[in-house]
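Take a look at the structure set out below.
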Amino acid sequence: MSSRVDERPLLELRGVRKTFAPRGRRARRTASAVAAVDGIDLALQAGTTTALVGESGSGKSTLARLIVRLHDADEGTITFDGQEIQALDEKAFRPLRRRVQMVFQNPLTSFDPSQTIGASILETMRLAPDDEPEQERLARLLTEVGLSPRFAGLRPRQMSGGELQRAGIARALSVRPDLVVMDEPTSALDMSIQGQVLELLADLQRRHRLTYLLVTHDLRAVRMMADRVVVMYLGQVVEEGPTEAVFGDPRHPYTRGLLYAYDLSGRDEERDRDVRIRGSLRTPRPGDVGCRLVGRCPLSADRGGEPQALAELAPGHRARCWRAAEGQIAGDRQPHATTDPTDLGELT
């Protein structure tokens with residue numbers, strides 16, 4: 001984890017929303033719009049790692065794509081290094097694009113199968129030219145991520161998943177970015193390789209003072225890398241705070257349920273009844289009010305239909321739950337998990 005923080009956030013989101021309408025004539029007749037991201041406020045400090053966690057369908061990957069402008073937000077502002085980027089057209093945004101890079105979940109599909117790895121990296125690298133000869137710079141990048149320069153001549157299908165992910169990291173670094181958004185960077189890798197990639201990312205962050213947004217199901221990766229944790233559920237942030245605060249003293253019932261699914265120790269029937277999240281995700285709709293966890297929350301009550309504010313419970317630690325705001329969920333210290341993380345999509 002990094003300890004160097006600037007006063008002004010490198011990236012700041014305010015009131016960001018993204019709704020997806022059903023596609024096709026038949027879908028428009030039978031389906032409703034989906035509020036994938038619903039009023040998100042988020043700030044990333046330079047040189048730190050923020051982890052975005054939640055079940056599949058919580059909106060975290062959509063939010064990541066909004067930040068790198070693979071999607072455009074419907075409402076709200078996204079400010080990078082003091083400049084609001086939502087209002088920029090592609091030409092105006094191009095100088096900033098190299099400063100915000102993404103490492104994708106599946107390294108095989110993120111590379112053009114008809115190109116060599118070297119050609120793919122060079123294509124990106126040319127967005128940020130300098131005086132160093134291209135081939136020397138390419139060889140240096142590959143070496144920096146733990147690959148021999150000979151990998152430049154290979155095609156994606158000739159490399160393992162771990163090797164490809166390292167090449168994807170090299171490609172992202174080739175334009176000297178400030179912010180790297182990582183969407184499940186280890187989920188497609190064998191367990192033995194995951195730790196190596198996480199250690200590499202931590203080392204690169206220290207050397208280049210990178211800012212990371214880590215989108216992941218893997219709470220082990222969060223513990224290892226993140227300074228702050230943002231928990232999303234059905235398009236909203238339901239809890240955020242320093243990693244140790246969120247892991248050690250979770251205040252939102254959903255966060256408690258995620259950690260309970262992750263840590264197999266200390267279980268009993270009473271705790272299972274009070275903490276475990278049951279059922280499946282519903283589809284968030286535009287204009288939904290009240291607690292999004294109603295129907296799954298083990299602590300649900302009549303006030304679940306009321307709008308839930310993201311209330312500050314301690315410095316830098318906030319949760320979207322009236323019970324937490326009134327001190328009814330406090331002091332629920334969680335043991336440090338020692339088991340491998342489960343897939344947080346499997347909570348039922």
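All of these numbers come straight from a predicted model, not from anything done at the bench.
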(request) Scan residues 42-85 for pairs that pass ring pair (Phe, Tyr, Trp, His ring centres under 6.0 Å), counting only residues two or more places apart or in two chains. (result)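 Listed by first then second residue: F20-H71.
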(request) Only pairs at least two apart or in different chains count here, so list each ring pair (Phe, Tyr, Trp, His ring centres under 6.0 Å) that has a residue in residues 159-200. (result)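 Those involving residues 159-200 do not exist here.
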For [X], which residues count as a salt bridge (Lys or Arg N to Asp or Glu O under 4.0 Å) partner, sequence neighbours excluded?
X	result
E134	R126
E199	none
R98	none
E132	R140

(message) Any salt bridge linking R209 with D178? Criterion: basic side-chain nitrogen under 4.0 Å from a carboxylate oxygen.
(response)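 Result for this pair is no, no salt bridge flagged.
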Looking at residues at least two apart in the chain, or sitting in another chain, which of them share a side-chain contact (heavy atoms from CB on, under 4.5 Å) with [X]?
X	answer
Q236	D38, R292, R320
D131	none
S61	R65, D183, V215
P95	none

Listing, residues 309-319 side-chain donor-acceptor contacts under 3.5 Å, not counting sequence neighbours, or none:
residue: E312; atom: OE2; partner: G316; partner atom: N; Å: 2.9
residue: H317; atom: NE2; partner: E239; partner atom: OE2; Å: 2.6
residue: R318; atom: NE; partner: E240; partner atom: OE2; Å: 3.1
residue: R318; atom: NH2; partner: E240; partner atom: OE2; Å: 2.3

(request) Kindly confirm or rule out a cation-pi arrangement of R223 over Y262, judged by NZ or CZ under 6.0 Å from the six-membered ring centre and within 45° of its axis? (result)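 Because its charged atom misses either the 6.0 Å distance or the 45° angle limit, R223 does not stack over Y262.
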(message) According to side-chain hydrogen bond (donor to acceptor under 3.5 Å, both in side chains), does anything in residues 151-160 pair up with another residue at least two apart or in another chain? List the pairs.
(response)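 Applying side-chain hydrogen bond (donor to acceptor under 3.5 Å, both in side chains) to every pair that reaches into residues 151-160, excluding sequence neighbours, yields S160-E163.
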